[in-house]
Amino acid sequence: MRENNSYQEKILFFLKKRENFVSGQTLASCLNISRQAVNRNIAKLKKLGYKIISLPHRGYLLRGSPDKFYPWEIKYNLSTETIGKEIFYYEKLSSTQDIAYSLALKGAPEGGVVVAQNQTQGRGRFKRKWVSPPGGIYLSCILKPKISLTQIPKITFLGSLAALYALKKISSLDFSLKWPNDIFLEGKKIAGVLCEIAAEADKLNFVILGLGLNINTKDLPSSATSLFLHTGKYYSKVRILKEVLKELDTLYLKAKKKGFSFIVKEWEKYCFILGKKVSLKTGEDLITGIAKGLNKDGYLLIKDNRGFLRRLFSGEVVKVF
Ligand code: BT5
């Protein structure tokens, strides 16, 4: 009989639903496969890191799942409409952005997600390095919104808001947002968002929304933190990734139906630089002034030292006074 890989998943889901031992015979007859095939697939699951207890005359019991982004784990009970319908999983890759970009060029569907345990060439904005050792979540999502190029900052906002909501859901820590793309936890960066696009003239073909979250990460720059470094506890990355995908899905659906303006308003609530004096680098300029708010497109409004109201599309907050 030809071995079908999906038996592995079927056996796993069967075991996930049971709190007691399941006999090999039950598995074999429910899945219409031989006892040998059950044994073979159980061995494969163990090799993938699943803790399965096997006892003679009693059968099998699932005791633990590895915290790995296996597509079947991510999709298990993931009730999203668009995001995460296809998961492309890599243990290690250069950058999830690059793989997602080439998949999108080949016609991968909207909502497809590339996720990795670690990246060798993770990047931030302006080709800066994104430190990506095992312990973090590194994902890129393919989106095909029907919006103009001026709306792109709102997609970055959508990504950071989804990450913030997901982090808030799993811990009651005081996360906040720093314009334009950072998630902060008590003065340190815990996650970042990178939005890259493919466009011709002014027509947007697709967006690759990249998110990096420091969860159980230990080796980070001094300006950064992770949930583990902050609390001393380990967290389930699979659970957090699923929360991020659900939040992305909810926000994206709402934005498609009602427009993106609510995202800017929501963002303002959590943006800790608003009302403060800040210094910002934009291109070659260094601007110091009061961060007054965001306009409807997500541009930062700064009242500079000379009293002029400046509207910034992108930049880097280098100091908060
Ligand atoms: C960002 O850039 O914050 C966007 C980061 C996006 C990373 C994701 S991971 C999945 C996907 N695949 C990729 O290759 N990238 C995306 P930016 O605002 O430019 O911030 C970069 C700066 O953050 C660096 O110059 C460092 O100072 C700092 N940094 C680097 N690694 C960090 C980390 N792991 N946590 C916090 N800060 C970090």
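Just so you know, ligand 1 is whichever comes first in the structure, and atom 1 is the first atom listed for that ligand.
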Suppose we measure from atom 27 (O) of ligand 1 to each protein heavy atom; which comes out shortest, and what is that distance? Ser223 OG, 4.5 Å
Can you tell me which portion of Arg128 lies within the under-4.0 Å heavy-atom range of ligand 1? Options are side chain, backbone, both, or neither. side chain
Which atoms of ligand 1 have any heavy atom of Thr96 under 4.0 Å away? 10 (C), 11 (C), 12 (N)
A student comparing Glu196, Lys189, Gln119 should find that the heavy atom closest to atom 9 (S) of ligand 1 comes from Gln119
Side-chain donor/acceptor of Asp249 to backbone N/O of Thr80, under 3.5 Å: no
If you scan the protein for heavy atoms around atom 6 (C) of ligand 1, do you find one that is closer than 4.0 Å? yes
Just to be sure I read this right, does ligand 1 sit under 4.0 Å from the backbone of Asn181, its side chain, both, or neither, counting only heavy atoms? side chain
Once the angle between the rings of Phe157 and Trp267 is folded into 0 to 90°, is it parallel (under 30°), tilted (30 to 60°) or perpendicular (over 60°)? parallel
How does Lys129 reach ligand 1, by side chain, by backbone, by both or by neither, if only non-hydrogen atoms under 4.0 Å count? backbone
Would the distance check show the side chain of Ser223 and the main-chain N or O of Pro221 forming a donor-acceptor pair, the cut-off being under 3.5 Å? no
Please compare Gly136, Gly210, Ser95 and report which has the shortest non-hydrogen distance to atom 14 (O) of ligand 1. Ser95
Taking 4.0 angstrom as the limit and counting only heavy atoms of Asn214, give me the atoms of ligand 1 inside it, by number and element. 33 (C), 34 (N), 35 (N), 36 (C)
Can you report which non-hydrogen protein atom sits closest to atom 4 (C) of ligand 1, along with the distance? Val193 O, 3.5 Å
Protein residue, atom and distance nearest to atom 31 (N) of ligand 1, heavy-atom basis: Val131 N, 2.9 Å
Are Arg123 and Glu196 ion-paired here, with the side-chain N under 4.0 Å from a carboxylate O? yes
If Ile, Leu, Val, Met, Phe, Trp and Tyr residues are connected whenever their side-chain heavy atoms lie under 4.5 Å apart, and connections chain through other members, are Tyr90 and Ile240 in the same group? no
Is the backbone of Thr288 close enough, under 3.5 Å, to the side chain of Lys319 for a donor and an acceptor to pair up by distance? no
Salt bridge between Lys16 and Glu73, side-chain N to carboxylate O under 4.0 Å? yes
Which word best sums up how the rings of Phe313 and Tyr299 line up, parallel for under 30°, tilted for 30 to 60°, or perpendicular for over 60°? perpendicular
Give the residue and atom name of whichever protein heavy atom lies nearest to atom 16 (C) of ligand 1, and the separation in Å to one decimal. Arg123 O, 3.8 Å
Tell me whether the NZ or CZ atom of Lys277 lies within the 45° cone about the ring axis of Phe321 and under 6.0 Å from its centre. yes
Which atoms of ligand 1 sit under 4.0 Å from any heavy atom of Gly122? 14 (O)
Would you check whether Leu194 has a nitrogen or oxygen atom less than 3.5 angstrom from a nitrogen or oxygen atom of ligand 1? no
Option of least heavy-atom distance to atom 37 (N) of ligand 1 (set: Trp130, Phe184, Tyr138): Trp130
So, taking the atom named CD1 in Ile190 and the one named CG in Leu164, what distance separates them when rounded to the nearest 0.5 Å? 10.5 Å
For Gln97, the ligand 1 atoms with a heavy-atom partner under 4.0 Å come out as 11 (C), 12 (N), 13 (C), 14 (O), 15 (N)
Pick one of side chain, backbone, both or neither for how Thr217 approaches ligand 1, counting any non-hydrogen atom pair under 4.0 Å. neither
Separation of Ile208 CD1 from Tyr101 OH (nearest 0.5 Å): 8.0 Å
Is the closest heavy atom of Phe126 to ligand 1 under 4.0 Å? no
Measure the distance from atom 36 (C) of ligand 1 to every protein heavy atom, then report the residue, atom name and distance (to 0.1 Å) of the closest one. Ala224 CB, 3.2 Å
Which is it for Tyr234 and Phe228 under the ring-ring contact (aromatic ring centres under 6.0 Å, His included) test, yes or no, and what are the steps along the way? CA-CA 6 Å; Tyr234 286 100; Phe228 175 79; 4.6 Å; yes
List ligand 1 atoms under 4.0 Å from Leu220, heavy atoms only on the residue side. 33 (C), 34 (N)
Between Gln117 and Glu91: side-chain donor-acceptor atoms closer than 3.5 Å: no
Side chain, backbone, both or neither: which part of Leu139 has a heavy atom under 4.0 Å from ligand 1? backbone
